[in-house]
Amino acid sequence: MSSLAGELVTEMLDYDGGRQVTVYIPPAPAEAIVYAGDGQLISLWGDDLEAAGGRPTMIVGVHRAADETLRLHEYSPSFDPERFTAHEAFFVGTVREWAGLRFGMSPPPERTAVMGVSAGGELALAVGLRHPDVYGAVLCASPGAGYQPPSPLPEPPPRAYFVAGTREPFFRANATRWADALRAAGADVVTKERDGSHGDPFWRQEFPLMVDWAFGR
């Protein structure tokens, strides 16, 4: 952590032989919560939320599988539906129940979002579409193309915020495809384009803006 006042807590939960979850706890009582895949990365972005001065927001980051193929199978329903469904039950069910008991955080959908970058963006989109009663907003950076908009989209479509880089045309096209599909279904959608390539710092730089849009100040 930096010199800011927030705290990181990492615990091992019972999934697939043990899967770590890292939680960023803001210095003021949390009023909203963001769930994220690739949790060992995104949980560290709590400092940025704190520095931005928005609504105090907890980040619950579920760590990814070490094997990249397994990560893709857990994050996208298109490759291995059985594996995706097992991870979905862990992410949406077990982790949220644990967060509610461990940290007393079970806010309503309007103060709950799901976040992902790259393949994790596919996870955010998939669980956001499947569980609108849980996640009131989807925050998605540079999504992969393994999971594409189903037709028709489930109703109601989720609110969604997309960001992609000017120097990652493949991922920018994926973000545009999703944004267009959700807008056509009547969803509230924000799209941003930042100078950068895949994995560049613009993901982290955009995150406080995404959270501010999702929850306000």
Side-chain angles (χ1 to χ4, degrees), residues 1-15 19-64 75 87-117 120-121 123-141 158-163 188 190 192 201-217:
M1 289 289 289
S2 73
S3 60
L4 297 179
E7 179 185 0
L8 288 177
V9 173
T10 299
E11 294 190 10
M12 185 79 72
L13 301 190
D14 184 16
Y15 172 73
R19 184 67 61 89
Q20 287 185 314
V21 179
T22 296
V23 177
Y24 165 77
I25 304 170
E31 300 175 8
I33 190 166
V34 175
Y35 289 91
D38 298 314
Q40 63 271 55
L41 171 70
I42 294 175
S43 58
L44 303 179
W45 298 355
D47 277 3
D48 302 82
L49 298 184
E50 191 177 327
R55 184 185 295 273
T57 299
M58 180 177 290
I59 304 169
V60 178
V62 181
H63 289 213
R64 61 175 173 253
Y75 284 9
H87 181 262
E88 177 188 23
F90 173 66
F91 187 95
V92 178
T94 304
V95 173
R96 284 198 313 116
E97 181 179 356
W98 169 79
L101 293 171
R102 177 70 171 80
F103 302 103
M105 279 297 292
S106 299
E110 59 267 25
R111 289 190 284 115
T112 304
V114 59
M115 163 68 180
V117 300
L123 174 66
L125 288 161
V127 300
L129 259 66
R130 291 168 181 239
H131 302 278
D133 57 325
V134 173
Y135 309 105
V138 173
L139 312 178
C140 184
R159 301 170 66 225
Y161 187 125
F162 295 91
V163 64
D188 177 12
V190 170
K192 293 288 186 68
F202 74 87
W203 287 351
R204 183 167 184 166
Q205 293 162 0
E206 195 73 22
F207 184 55
L209 301 178
M210 292 173 143
V211 171
D212 190 49
W213 171 82
F215 306 131
R217 292 179 178 270

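In this text, all values refer to a predicted model and were calculated from it rather than measured experimentally.
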With a 4.5 Å heavy-atom cut-off, do [X] and [Y] have their side chains touching?
| X | Y | result |
| --- | --- | --- |
| F162 | L125 | yes |
| E88 | H131 | yes |
| R19 | L13 | no |
| Y35 | V62 | no |
| V23 | I59 | no |
| V114 | V34 | no |
| Y135 | V92 | yes |
| P26 | E50 | no |

Next on the checklist: To the closest 0.5 Å, what do you measure between CE (M58) and CD1 (I33)?
Outcome noted: 5.5 Å

Item to check | Rounded distance (nearest 0.5 Å) linking atom CG of D47 with atom CG of L8 | outcome: 7.5 Å

Between [X] (side chain) and [Y] (backbone), is there a donor-acceptor pair under 3.5 Å?
| X | Y | answer |
| --- | --- | --- |
| R111 | E31 | yes |
| R159 | V190 | no |
| Y75 | D38 | yes |

Item to check | Qualifying residue for ring-ring contact (aromatic ring centres under 6.0 Å, His included) with W45, from F207, Y24, W203 | outcome: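 Single ring-ring contact (aromatic ring centres under 6.0 Å, His included) partner of W45 among F207, Y24, W203: F207.
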
Checklist entry - So which pairs with a foot in residues 100-109 pass salt bridge (Lys or Arg N to Asp or Glu O under 4.0 Å), sequence neighbours left out? => result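 Salt bridge (Lys or Arg N to Asp or Glu O under 4.0 Å) check on residues 100-109 returns E11-R102.
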
Over 60° means perpendicular and under 30° means parallel, so classify the ring planes of [Y] and [X], tilted if in between.
| X | Y | answer |
| --- | --- | --- |
| H87 | F91 | tilted |
| Y15 | F90 | parallel |
| W213 | Y161 | perpendicular |

Checklist entry - Are K192 and E206 within salt-bridge range, i.e. N to O under 4.0 Å? => result yes

Closest contact, heavy atoms only, [X] versus [Y]:
| X | Y | value |
| --- | --- | --- |
| A214 | A137 | CB-CB, 4.1 Å |
| R204 | L44 | NH2-O, 3.0 Å |
| E7 | V9 | OE2-CG2, 3.7 Å |
| V163 | M210 | CG1-CE, 3.6 Å |
| I42 | G37 | CD1-O, 3.5 Å |
| A5 | P27 | CB-CB, 3.6 Å |

Checklist entry - Is it the case that more than 12 heavy atoms not belonging to D133 sit under 6.0 Å from its CG atom? => result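 It does: D133 CG has more than 12 such atoms within range.
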
Item to check | Distance flag, aromatic centroids of F103 and W98, threshold under 6.0 Å | outcome: yes

Next on the checklist: Run Q40 and T22 through side chain to side chain contact (heavy atoms under 4.5 Å, CB included) and show every step you take.
Outcome noted: CA-CA 6 Å; Q40 63 271 55; T22 296; 5.5 Å; no

Item to check | M115 and its side-chain contact (heavy atoms from CB on, under 4.5 Å) partner, picked from V138, V60, L139 | outcome: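 The side-chain contact (heavy atoms from CB on, under 4.5 Å) with M115 is passed solely by L139 among V138, V60, L139.
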
